[in-house]
A.B. asks: 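Questions regarding the structure given below will be posed in turn.
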Amino acid sequence: MNLSILIPLLNEEESLKELYTWIIKVMQSNNYSYEIIFLDDGSTDKSWSIIEEFAAENPNVKGIRFMKNFGKSQALHAGFAKAKGDVIITMDADLQDSPEEIPGLYNMITTQNFDLVSGWKKKRYDSVVAKNLPSKLFNWAARKTSGVELNDFNCGLKAYKNIVVKNIEVSGEMHRYIPVLAKNAGFGKIGEKIVQHQARKYGETKFGMERFINGFLDLITIWFLSRFGKRPMHLFGAMGSLMFIIGFLLAGYIGVSKLYHMYTNMRYNLVTDNPWFFIALTTMVLGTQLFLAGFLGEIILRTKSNEERYKISSEVNL
């Protein structure tokens, strides 16, 4: 099978039929063998009924429906697990991603041997203040932190080799950072393609300004996980040991200094009257706690089990 097209959605009943017709036209004109997997993230409108209609008339259309809204990352995780195509395309359901870009993305994977190709909406039709400027700042920070040189991490239109999606773990709100996850998993050939961005035709965006705040927090998380996720003791243990040693040496100096003053009959104060004593004590306590945090992190990594992060209520053609 050439293509698996994954479409996460939430309450997009107005755009689904137009999107579906558009994708089918592109598939037929290029003679692709394909599957379209709609990932209904707990829609409360008629989206699922429309998907069932598509599936009834076309066996290449498949669907997964969550019991409630679990988030885009969870939807993509479920879709990646089911995808069978040699190339996987992800795109949003709001018609802002053009299906006409699919052949170009597909060719970059198959002929240029990219592991992953991310769309770049160079010309956008969103609000400059509410979306464009925060997005530019966010993408700059993501590039500097991750080392992945992409201009548009937030673009939902991406193409992947099948082996890539089978070897990355998308959780939380990490869908923005799939290229970073892919790089950390060893897939280094990551490309970018300028794609057409279209103004939203129906409904309203499901994302507000809070997504950029969450995005920066997720960026910090993924930076930490990529550096120390498999070896927390290397960070917490090192920091804890250093702080404990500094505190211990400082406390030792305070103690030796008092003993010297006592031995030479010099005037001295109680140890507890010295503010450096409390600084040393606090440093040792914090050092011990950091060391224990690293130790517990190592234990958790060795005993954790993969818990179910979402509940599926319905599937069609799967």
Side-chain angles (χ1 to χ4, degrees), residues 1-9 12 14-40 47 50-64 75-76 78-125 150-152 155-166 175 178-179 182 187 189-202 316-318:
M1 183 184 294
N2 299 134
L3 282 165
S4 292
I5 302 172
L6 308 185
I7 306 174
L9 62 109
E12 297 286 359
E14 296 172 302
S15 63
L16 283 178
K17 290 184 179 180
E18 185 175 339
L19 177 63
Y20 169 69
T21 303
W22 197 354
I23 292 174
I24 295 300
K25 179 183 176 182
V26 173
M27 295 298 102
Q28 292 176 345
S29 63
N30 289 273
N31 295 316
Y32 290 135
S33 57
Y34 69 93
E35 63 180 358
I36 304 172
I37 305 179
F38 288 97
L39 307 164
D40 186 350
S47 294
I50 295 171
I51 293 168
E52 288 181 317
E53 292 175 9
F54 297 158
E57 68 182 42
N58 184 348
N60 295 321
V61 175
K62 304 171 183 181
I64 298 174
L76 289 175
F80 288 160
K82 299 289 185 180
K84 298 177 181 178
D86 297 329
V87 176
I88 285 80
I89 302 286
T90 61
M91 61 187 307
D92 294 334
D94 55 11
L95 294 174
Q96 290 189 287
D97 295 333
S98 171
E100 300 292 343
E101 303 288 352
I102 292 175
L105 293 168
Y106 176 79
N107 289 335
M108 289 183 72
I109 297 290
T110 56
T111 63
Q112 299 181 43
N113 201 34
F114 282 101
D115 296 317
L116 183 158
V117 179
S118 180
W120 174 17
K121 296 175 180 176
K122 193 171 183 178
K123 183 178 180 181
R124 303 185 67 97
Y125 295 95
L150 294 179
N151 290 285
D152 192 356
C155 182
L157 186 58
K158 291 182 173 67
Y160 315 80
K161 285 183 178 177
N162 186 287
I163 191 174
V164 174
V165 303
K166 301 300 183 183
H175 58 273
I178 292 179
F187 300 101
K189 194 167 183 182
I190 298 173
E192 189 169 47
K193 181 181 184 298
I194 296 175
V195 297
Q196 181 182 357
H197 179 234
Q198 303 182 126
R200 173 176 273 274
K201 193 172 182 179
Y202 304 105
V316 290
N317 288 346
L318 287 170

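This is a predicted model, so every value here is computed, not measured. The residues of the chain are indexed from 1 along the displayed sequence.
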A.B. asks: Check whether any side-chain heavy atom of Val61 lies under 4.5 Å from a side-chain heavy atom of Tyr20, and answer yes or no.
C.D. replies: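 They are in side-chain contact.
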
A.B. asks: Is any side-chain heavy atom of Leu76 closer than 4.5 Å to a side-chain heavy atom of Ile178?
C.D. replies: yes

A.B. asks: Please name the pair of heavy atoms, one in Gly85 and one in Asn162, separated by the smallest distance, quoted to 0.1 Å.
C.D. replies: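 What the structure gives for the nearest pair is O-ND2, 2.7 Å.
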
A.B. asks: To the nearest 0.5 angstrom, please state how far the CG atom of Leu157 sits from the CH2 atom of Trp120.
C.D. replies: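 Nearest 0.5 Å value for the CG-CH2 distance: 15.0 Å.
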
A.B. asks: Which value, rounded to the nearest 0.5 Å, describes the distance between Asn317 atom CG and Ile64 atom CD1?
C.D. replies: 11.5 Å

A.B. asks: Assess whether side-chain contact (heavy atoms from CB on, under 4.5 Å) is satisfied between Ile5 and Met27, documenting all intermediate values.
C.D. replies: CA-CA 10 Å; Ile5 302 172; Met27 295 298 102; 3.7 Å; yes

A.B. asks: Run the side-chain contact (heavy atoms from CB on, under 4.5 Å) check on Asp40 and Leu9 step by step: do they pass?
C.D. replies: CA-CA 5 Å; Asp40 186 350; Leu9 62 109; 4.2 Å; yes

A.B. asks: Nearest 0.5 angstrom please: Lys161 NZ to Thr110 OG1, how far?
C.D. replies: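 Between Lys161 NZ and Thr110 OG1, I get 10.0 Å after rounding to 0.5 Å.
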
A.B. asks: Please confirm whether the backbone N or O of Asp94 pairs with a side-chain atom of Asp92, one donor and one acceptor, at under 3.5 Å?
C.D. replies: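 Judged by distance alone, no pair lies under 3.5 Å.
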
A.B. asks: Report yes if the side chains of Ser118 and Ile190 come closer than 4.5 Å at any heavy-atom pair, otherwise no.
C.D. replies: no

A.B. asks: Taking all non-hydrogen atoms of both residues into account, name the closest pair between Lys62 and Pro59 and its distance.
C.D. replies: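 Result for this residue pair: CE-O, 4.3 Å.
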
A.B. asks: What pair of heavy atoms forms the shortest contact from Ala159 to Leu105, and how long is it?
C.D. replies: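 Answer, listing the atom of Ala159 first, then Leu105: CB-CB, 3.8 Å.
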
A.B. asks: Could you walk me through whether Asp115 and Lys189 pass the salt bridge (Lys or Arg N to Asp or Glu O under 4.0 Å) test, one step at a time?
C.D. replies: CA-CA 5 Å; Asp115 296 317; Lys189 194 167 183 182; over 6 Å; no

A.B. asks: Look at the side chain of Lys166 and the backbone N and O of Phe80, then say whether any donor-acceptor pair between them is shorter than 3.5 Å.
C.D. replies: yes

A.B. asks: I'd like to know if the side chain of Thr21 reaches the main chain of Glu18, judged simply by a donor and an acceptor atom lying under 3.5 Å from each other, with no hydrogens or angles considered.
C.D. replies: no

A.B. asks: Which heavy-atom pair separates Ala182 from Val164 by the least distance, and what is that distance?
C.D. replies: CB-CG1, 4.0 Å

A.B. asks: Name all residues meeting the salt bridge (Lys or Arg N to Asp or Glu O under 4.0 Å) criterion together with Lys158; count only those two or more places apart in sequence or in a different chain, and write none if there are none.
C.D. replies: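 Partners of Lys158 by the salt bridge (Lys or Arg N to Asp or Glu O under 4.0 Å) criterion come out as none, since no residue qualifies.
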
A.B. asks: Working to the nearest 0.5 Å, report the span between CG of Asp97 and OG1 of Thr90.
C.D. replies: 8.0 Å

A.B. asks: For this output row, return yes or no: ring centroids of Tyr160 and Phe187 closer than 6.0 angstrom.
C.D. replies: no

A.B. asks: Using 0.5 Å steps for rounding, measure from the CD1 atom of Ile37 to the CD1 atom of Ile51.
C.D. replies: 11.5 Å

A.B. asks: So for atom CD1, which belongs to Ile194, do other residues, nucleotides or ligands contribute more than 12 heavy atoms lying within a distance under 6.0 Å?
C.D. replies: yes

A.B. asks: Is any side-chain heavy atom of Ser47 less than 4.5 Å from a side-chain heavy atom of Phe38?
C.D. replies: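 No. Closest side-chain heavy atoms not under 4.5 Å.
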
A.B. asks: Tell me every residue that passes salt bridge (Lys or Arg N to Asp or Glu O under 4.0 Å) with Glu101, counting only those two or more places apart in sequence or in another chain.
C.D. replies: Lys193

A.B. asks: If you measure from CD1 on Ile23 to CG on Leu3, what distance do you get to the nearest 0.5 Å?
C.D. replies: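 CG of Leu3 is found 10.5 Å from CD1 of Ile23.
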
A.B. asks: Can you name the closest pair of heavy atoms from Leu318 and Gly63 and give their distance?
C.D. replies: CD1-O, 3.6 Å

A.B. asks: Do Glu192 side-chain atoms and Asn151 backbone N/O form a donor-acceptor pair below 3.5 Å?
C.D. replies: yes

A.B. asks: Would you indicate whether the side-chain heavy atoms of Phe54 and Lys17 approach each other to under 4.5 Å?
C.D. replies: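 SC-SC contact between Lys17 and Phe54 confirmed.
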
A.B. asks: Does some side-chain heavy atom of Gln112 sit less than 4.5 Å from a side-chain heavy atom of Val117?
C.D. replies: no

A.B. asks: Do Met91 and Leu19 have side-chain heavy atoms sitting under 4.5 Å apart?
C.D. replies: yes

A.B. asks: Report yes if the side chains of Tyr34 and Ile24 come closer than 4.5 Å at any heavy-atom pair, otherwise no.
C.D. replies: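 When only atoms from C-beta onward are counted, Ile24 and Tyr34 do touch, with a gap below 4.5 Å.
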
A.B. asks: Tell me the closest heavy-atom pair linking Gly79 and Leu39, and the distance in Å.
C.D. replies: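 Here Gly79 and Leu39 meet closest at CA-CD2, 3.8 Å.
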
A.B. asks: Above 12 or not: heavy atoms from other molecules or residues under 6.0 Å from NZ of Lys84?
C.D. replies: no

A.B. asks: Check step by step if side chain to side chain donor-acceptor pair (under 3.5 Å) holds for Ser4 and Glu35.
C.D. replies: CA-CA 5 Å; Ser4 292; Glu35 63 180 358; 2.5 Å; yes

A.B. asks: Go through the structure and list residues passing salt bridge (Lys or Arg N to Asp or Glu O under 4.0 Å) with Lys82, not counting sequence neighbours.
C.D. replies: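 Result, salt bridge (Lys or Arg N to Asp or Glu O under 4.0 Å) vs Lys82: Glu315.
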
A.B. asks: Return yes if some donor-acceptor pair links the side-chain N/O of Asp86 with the main-chain N/O of Asn2 below 3.5 Å, else return no.
C.D. replies: no

